[in-house]
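Contents: one structure, followed by commentary.
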Amino acid sequence: MNSKFPLFPEAASSFAHHVDTLYFFLIALSVFFSVLIFGLVLFFAFRYKRKPNAEDPKPMLGDLRLELTWSIIPLLITMVIFVWGGLLYYHQLTPPANAQEIFGIGKQWMWKFYHPEGRNEINELHVPVGRPTKVILTSEDVLHDLFIPAFRTKMDVLPGRYTQIWFTPTKTGTYHLFCAEYCGTKHADMKGTVTVMSPLEYQGWLNGELGQDRMDKTGKELFKQFACQTCHQDQSLSRGPSLTGVYDSMVLLNNGKTVKADADYLRESILKPKAKIVQGYDAIMPTYKGQISEEQLIQIIEYIKSLKEPQKEVN
Amino acid sequence: MDFPISITLFIGTTLMSTDHESPLKLYATIFGVLLGLTGLTVAVAYLDLGPLNTLVALGIASTKAILVMFYFMHLKGSDKTIQVFASAGFAWLALFVVIFLADIYTRTPIHLP
Amino acid sequence: MSTHTHAHQFDTPQQQHQATRLGMWAFLITEVMLFSGMFVAYILYRTWYPEAFIEGSSHLDVMLGTINTLVLISSSFTMVLAVHAAAEGKKQAIQKNLVLTLVLGLVFLGIKAVEYSHKFHDHLVPGPNFAHEGIHGGHLQLFYSLYFAMTGTHAFHMIIGMGLLVYLFIRAGKGAFNKDHTAVELVGLYWHFVDLVWIFLFPLLYLLGRHL
Amino acid sequence: MTRLQRKHYINNGYGALSWFLTLDHKRIALLYLITATLFFALGGAFAIAIRLELLTPAGDMVQSETYNKMFTMHGIIMVFFFLIPAIPAVLGNFLLPIMIGARDMAFPKLNLASWYIYMLGGLFTFVAMALGGVDTGWTFYTPYSSTYANSQVIITALGVFITGFSSILTGLNFLVTIHTMRAPGMSWFRLPLFVWAHYAASLIMVLGTPVVSITIILVALERLFHLGIFDPALGGDPILFQHLFWFYSHPAVYIMILPAMGVMSELIATFSRKRIFGYSFVASSSLAIAVLGFLVWGHHMFVSGQSMYAGLVFSILSFLVAIPSAIKVFNWLATLFRGSISLQTPMIYAFGFIGLFTIGGLTGLFLACLAVDVHVHDTYFIVAHFHYIMVGGVIMAYLGGIHYWWPKITGRMYPEWWGKFSAVVIFIGFNLTFLPQFVVGYLGMPRRYHFYPEEFQILNVLSTAGASILGIGYMIPLFYLVWSLRYGKVAGPNPWNAKGLEWTIPSPPPTENFDGTPEVTEEAYNYGTNHA
């Protein structure tokens, strides 16, 4: 963001320079083929310029060997690019297990980010340098797309579903953050900054703003406020399935299928509880659609995630 | 289960013997077969064959479709270009569905038991 | 269309006949691809929400659906007879069969109207007044959106077809087909195609999941 | 200067009715030529407005709302009303029957109906613009277009739906004409490559267009009657629309480029006086592009939330579809080798095409490569790529074709110097407009942005400067071609001394094209047979 007239974006994430090297390889390839083809065209244009009342040249019908060479060689080159790009894409789309989680909500024409430690911010994202960070995204209305050019990555943000984007910042500084999927009138205004800070600064920033408690703590209060614990207890005869350690576990449903209880599953079970019913329980849970906002949803999910050890004092 | 078997036997025999009769007789036979198949598909729908149900239903529908196309739409006698055109339409439908499924089935990994 | 001799751009009547039929089949390809969009949406939502689709199709009346299928197949049969009669130039037979096909088409649309009225009555039409106390509110609306989109487009094609049949009936009355019956053949192809679409719509919307 | 006193298709009837009710494929081609040029001018006006808006980072020329409507209209008009119909409906309609030795299209009435449907679709789009325009982008992505947009989506959707039928009817007409009306002796492998390219493009028109028609109608139905097929609130898949839309819209770009490649084969053969090298490979690569074109639509959705495995499948298929295009370019080069090349205006456009289409194609590889596409998706890199193919490729070939067949269409030659001058101006203006966009794209400037951070300004100023040169470049041919109608040198039946059935009949050709059906005895483009 600093120099007045940059010609190349800053590389500020772990896979930024991988993408750049692939990009330069492709540029080199394109320059080579462009120069080859332009050169040949211009050379032939002058070398075989039509002389006045010259006879037509001898016809050349074709040559299978030549045809095969200029189909197979481009095919091999493209396969190299495919594999190289595919591997990097796989890496770009699978966040490491130890990634720190931040929640992001796209809403018509603004970004809201929620740090589990309780800090929330609008159109700004503070992340520590060097730590893999995964942002779990959802939208409250239309399609959006979180795009951070300096990190060379973007991911669409869909309504009704979670998508995720991950990066490991490698350089401190402030970088652009854009919305890259057309979302209406102020699509151009839905942008902000990503500030990469040293871990110490980040920790200081995190608990800098007082009064806002951790996300799972707010989630716990919401859990009580919506009286979830009346059904979801740890005793065997409780009406709802126990939620301890349920996050990312395999849940057997009453139609014989097992599904992974990830964020999407928890979100769907809160908004449309009857869509997937756990084995051995009946469909009595009311829907909370419209009563719980997206923000509260991710706080409750964060609380459910924190239920690792058996609960002691749920009253 | 015996009812559907007798139907298919009836269809098999009539199909074999249709070629040399007058067109009207052929159309009447095909008409009868189509009605039979409709009855069959409704009957089979009530039998619990598990995932096979969808396949059987689509199979019967496809046979009916092929019968209509071959005999009623005279695809059987017409020249190759028209036959290629007719199959191209359905081929593209199949191509669209198959590649589309490549995305759906691999999007949210469903853990089968 | 044209008199028995061929249009000026063709060399022989056979070439014109061949071109017309090829043109009609190319048009039928576009109709197949038109319905393909909705079939793909159907396949997606059936894969994602099987229970809602089974619940949705359980509200449809299988009896009416079956009768409709039989009606449409019979109309296909009478259409073939009309085309055959046109080939042999028998004017009365053409008109008789065209009327039969028209009547069967009207019966089909009548039954469809009855079915639609049931849906309106049971508040199963997607939109603000969609009321369903069952467990799959949203997904059920998807089923009925697809149901109305597919059967609506099909009914629309039926109406066009019946308009063509009336046009043929008038032309047959004036003896236009005793030499060149291509027009009847084309409308026949179109009508059989509309029947083909219903042959696939019927099991997909009405029958799948009946056994549960 | 010999006078044109013969009867031909232009003076074979006077008055509006003889034009608006014509069944002659040549007159219908002229109707398309005039209306397509008007649509191109309108779309170009929107393009200039967009470029002026982006001159400054502050976005202070128009409101965001208006800017969104401008780029949407630029997209819709250029894609549906100019690029898709341009070469097939103008050059294809005029030349296809002549090139295969027929007197007219298989269904002349359908041909005229397709023009009327095209105008009706245009009318709907004008009505939508009059009532306030639409701001969903030419891609109409849901749920914005189906639930949240409050602009004229339904009328524009109907306009696009109706214009789709014009494309279907043209494609259907071409398919049947090529299949059933080839003159005796005109076997499949004696067809000019122009006809092969239009055959492949017609396949896509017939097989692809209905899918976007039903998709657009489903969006209109959702807005009108709440048929919430794309509504995420009901559990609808936000990506289903993108699948249905791109299943047609990617093959649509091959509907645009294939006829352009057909024109290219004609220009390269005539102006190097040599048979196209590897004729059967170039012909079958047209078909390969048409078929493979249907398998690759997912590369528009690599970051849309589509599954990673589908991304890998679409990426490898997208690389496969690039190979036939490469084969064509290499075969054109081989045709130039040891040719007798004369750099007249059409050939300059052809060289412009080879240059720009190569850059467009190669940058396409950047987008098929998954990792780079994640970074450049929905940025100006993509805008630059598809403009290199559509403007650099299709419009250069279209202008080359117009200049090449102008003597055949009007009987008069265009002014040679002015022709070359405008071609060079267009080439320079084009590169100045779109090369900076590659750079600003990789820098991360998203597309469809009403205003942008300051550091991107200089590149945008360059691009706007280029756009004004390009705009002027496109207007020059308009003047001298109209001028040539009156004052152009009278061109005989074969000013280029080229091979091909269209050069064996007088220009402008009589309404009946040929008296009786011609007999074809020789291969396509058999130049240089005086040696054997």
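Each chain gets a letter, A, B and so on, in the order its sequence line appears, and its residues count up from 1.
Both tests hold for D:Arg182 against D:Trp188: distance to the six-membered ring centre under 6.0 Å, angle to the ring axis within 45°.
The part of D:Met105 that comes within reach of chain C is its backbone (N, CA, C, O), which places non-hydrogen atoms under 4.5 angstrom from that chain. For a residue to count as touching a neighbouring chain, one of its non-hydrogen atoms must lie under 4.5 Å from one of that chain's; by this rule C:Tyr45 touches chain D with the side chain only. C:Thr30 touches chain D through backbone and side chain together, each having a heavy atom under 4.5 Å away. For a residue to count as touching a neighbouring chain, one of its non-hydrogen atoms must lie under 4.5 Å from one of that chain's; by this rule D:Ala106 touches chain C with backbone and side chain alike. When heavy atoms are compared at a cutoff of 4.5 Å, C:Leu22 approaches chain D by way of both its backbone and its side chain. If you measure heavy-atom distances from D:Tyr248 to chain C, you find no contacts under 4.5 Å at all. Using a 4.5 Å cut-off between heavy atoms, D:Thr517 contacts chain C through its side chain alone, with no backbone atom that close. Only the side chain of D:Glu512 comes within less than 4.5 Å of a heavy atom of chain C; its backbone N, CA, C and O stay farther away. With a 4.5 angstrom heavy-atom cutoff, C:Tyr49 touches chain D only via side-chain atoms. The contact between D:Leu207 and chain C is made by backbone and side chain atoms together, counting heavy-atom distances below 4.5 Å.
Inter-residue side-chain proximity for C:His192 and C:Val80 is flagged as met; some heavy-atom pair is nearer than 4.5 Å. Two residues are said to be in side-chain contact when any heavy atoms from C-beta on lie closer than 4.5 Å; C:Leu106 and C:Met162 meet this criterion. Within the 4.5 Å cutoff, the side chain of D:Leu172 has heavy atoms near those of the D:Leu110 side chain. Looking at D:Leu295 and D:Phe314, their side chains never come closer than 4.5 Å, going by heavy atoms from C-beta outward.
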Go through the steps to decide whether C:Leu98 and C:Tyr167 satisfy the test side-chain contact (heavy atoms from CB on, under 4.5 Å), and finish with yes or no.
-> CA-CA 10 Å; C:Leu98 284 180; C:Tyr167 165 75; over 6 Å; no
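For D:Ser18 and D:Arg27, the side-chain atoms include at least one donor-acceptor pair closer than 3.5 Å.
Between chain C and the options D:Asn513, D:Leu240, D:Leu244, the largest number of non-hydrogen pairs under 4.5 Å is found for D:Leu240. Residue with the most contacts toward chain D among C:Gly23, C:Ala41, C:Ala149: C:Gly23 (heavy-atom pairs, distance under 4.5 Å). Ranking D:Ser213, D:Pro97, D:Pro108 against chain C, the residue ahead of the rest is D:Pro108, based on heavy-atom pairs under 4.5 Å. Contact tally against chain D (heavy-atom pairs below 4.5 Å) for C:Ser36, C:Gly152, C:Pro128: the top residue is C:Pro128.
If you run side-chain contact (heavy atoms from CB on, under 4.5 Å) between C:His157 and each of C:Trp198, C:Phe35, C:Phe193, only C:Phe35 comes through.
Ring geometry for C:Phe143 against C:Phe53 counts as perpendicular: the plane angle is over 60°, on a 0 to 90° scale with 30° as the lower cut.
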